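Here the structure comes first, spelled out in C-alpha cells, and everything after it is commentary.
Side chains included, hydrogens not; waters and symmetry mates left out as well; all remaining heavy atoms used. Read the numbers this way: they start at 1 and go in the same order the structure lists the ligands and their atoms. None of these values were measured; they are calculated from a predicted model. Heads up: numbering here begins at 1 and tracks the sequence.
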Amino acid sequence: MDMATRDEKKKIVIIGTGGTIAGQSASDADLTGYQAGAIGVDDLLSSVPELGDYGPLESKQLCNIDSSDMTTDLWLSLSRLVQKEVAREDVAGVVITHGTDTMEESAYFLHLTVSTDKPIVMTGSMRPASAISADGPLNLLNAVLTARSPEARGKGVIVTLNNYLDCARDVTKQNTTDVATFASPLFGHQGLIQGGQSHWYYVSTRRHTKASEFAPLAADVRALPEVGILYLYGGVSAQYVESIKALPWQGLVIAGLGHGILPTWVEKEVKQLSIPVVRASRVAGGMVSALPDDGINQFLTADTLNPAKARILLMLGLAKGYGDKELQDAFNHY
Ligand code: ASP
C-alpha cells in the first residue's frame with residue numbers, strides 16, 4: 001500500500017478553538033455585531049455534510065474564544081495537543097478552526113513548535129456561521145480536504161481561507177472584514193483550492209516543524225517569556241516610550257518606521273535596555289536587515305517577519321536561553 005492509500009484510512013482530527021467561524025449573531029444580516037466562539041466544533045462539522053467524503057474525522061474542543069482573547073498559555077496547550085494528535089498512528093493530519101484576528105500568530109507558533117511531517121491546516125471565517133453567505137463551511141471543507149491531501153505533507157502549518165493556501169510564516173491578515181483577508185504580501189500564496197483539490201505552487205525554504213529546533217516544545221516550558229512590542233509613530237510620546245521601558249519584559253520587538261527605524265531619541269532610550277531588542281517594521285512588507293549602528297546598539301533584526309511573528313520567535317529563543325548571536329541566527333533561518 002502506498003502512503004496515500006494508507007493515509008486514507010486514517011483520521012483527520014479537527015480541533016475547535018472558536019472564532020467567527022463559530023460565531024453567531026441575532027440577525028443573519030449582521031456581519032459585524034456577533035459573538036465569536038458561540039458554536040461548538042461538533043455543530044460546525046454537522047453543518048457541512050460534504051465533510052463525510054473526507055472522513056474518518058474526529059473532533060476536539062480546546063477552547064471556544066474570540067481569538068483576540070488568545071493567550072501565550074493557550075498557545076502552549078494548543079501546541080501540545082496538536083503534537084499529541086499528530087503522534088497518533090491512526091491520524092493523517094490535523095485541522096484547527098480559529099479566529100482570524102490572531103490566526104497568523106497561532107499558525108506561526110505551531111509551525112515552529114510541532115514536530116511532524118503530517119499536514120496541519122488552520123482555517124476560520126470572516127462572516128459568522130449565522131450570516132447570509134457565511135464563508136466558514138467552504139473554508140472548513142477546504143481545510144479538511146487539504147489536510148487529507150498527500151501534497152500538504154512536509155509544508156508545516158498551512159492557513160486556508162477563501163480558497164487560498166498560505167504558509168504560516170508569511171501569511172497575514174490584510175482586511176478588517178473582507179472574506180479575502182489572508183495573503184502573504186511579500187512572497188505570495190503557496191497554492192489554491194479548486195475543483196475539490198489543493199494545487200501547490202511555492203514552498204517556504206525557512207525552517208519549520210520537523211526541522212525546527214523549537215519542536216516539540218520541551219516539557220519544562222510551562223510559560224513563555226514576556227516579550228512586548230513598541231509600536232512607533234510620527235511624534236511618538238516620551239511618556240509612552242518611558243512606560244514601555246519600565247515594563248518587566250524579557251525581550252522587546254520594535255514595530256519601527258520604514259526599514260525598522262527608531263527616531264533618534266527613542267534609539268538612545270531603547271539601547272539602554274539590557275534585554276534583547278529586535279528591529280521589525282510596521283510596514284506591511286519588506287525586510288529589516290542589519291545597519292552599521294545595530295552592532296553598537298546591540299539591536300537584532302527581524303528579517304521578513306512582521307512584529308507579531310518576530311515576537312513569537314523571540315519568545316521561543318528566549319525560552320531556550322539563547323543569547324544575541326543565537327537569536328539573530330534564528331531570525332536568519334526561520
Ligand atoms: N474576532 C474574531 C476572532 O478572531 C474574528 C474572526 O474570527 O474573523 O475570533
- Message: Strictly distance-based, threshold 3.5 Å: is any side-chain N or O of Thr71 a donor or acceptor partner for the main-chain N or O of Leu74?
- Response: yes

Which protein N or O atoms sit under 3.5 Å from any N or O of ligand 1? Give atom names and distances.
from, atom 1, to, atom 2, distance (Å)
ligand 1, 1 (N), Asp66, OD1, 2.9
ligand 1, 1 (N), Asp66, OD2, 3.2
ligand 1, 1 (N), Asp101, OD2, 2.8
ligand 1, 4 (O), Ser67, OG, 2.5
ligand 1, 4 (O), Thr100, N, 3.3
ligand 1, 4 (O), Asp101, N, 3.0
ligand 1, 4 (O), Asp101, OD2, 3.4
ligand 1, 7 (O), Thr20, N, 2.9
ligand 1, 7 (O), Thr20, OG1, 2.9
ligand 1, 7 (O), Thr100, N, 2.9
ligand 1, 8 (O), Thr20, OG1, 3.0
ligand 1, 8 (O), Thr100, OG1, 2.5
ligand 1, 8 (O), Ser125, O, 3.0
ligand 1, 9 (O), Asp66, OD1, 3.2
ligand 1, 9 (O), Ser67, N, 2.7

- For Asp117, all residues meeting side-chain contact (heavy atoms from CB on, under 4.5 Å), sequence neighbours excluded: Arg153, Lys210

- Message: Please say yes or no: joined through hydrophobic side-chain contacts below 4.5 Å, possibly via intermediate residues, are Leu300 and Ile261 part of one cluster?
- Response: no

- Residue pairs involving residues 280-296 (criterion side-chain hydrogen bond (donor to acceptor under 3.5 Å, both in side chains); sequence neighbours excluded): His259-Ser289, Arg279-Asp294

- Query: Roughly how far, to the nearest 0.5 Å, is CE of Met70 from CE of Met103?
  - Reply: 10.0 Å

- Pairs in or reaching into residues 137-150: which pass salt bridge (Lys or Arg N to Asp or Glu O under 4.0 Å), with residues at least two apart or in two chains? none

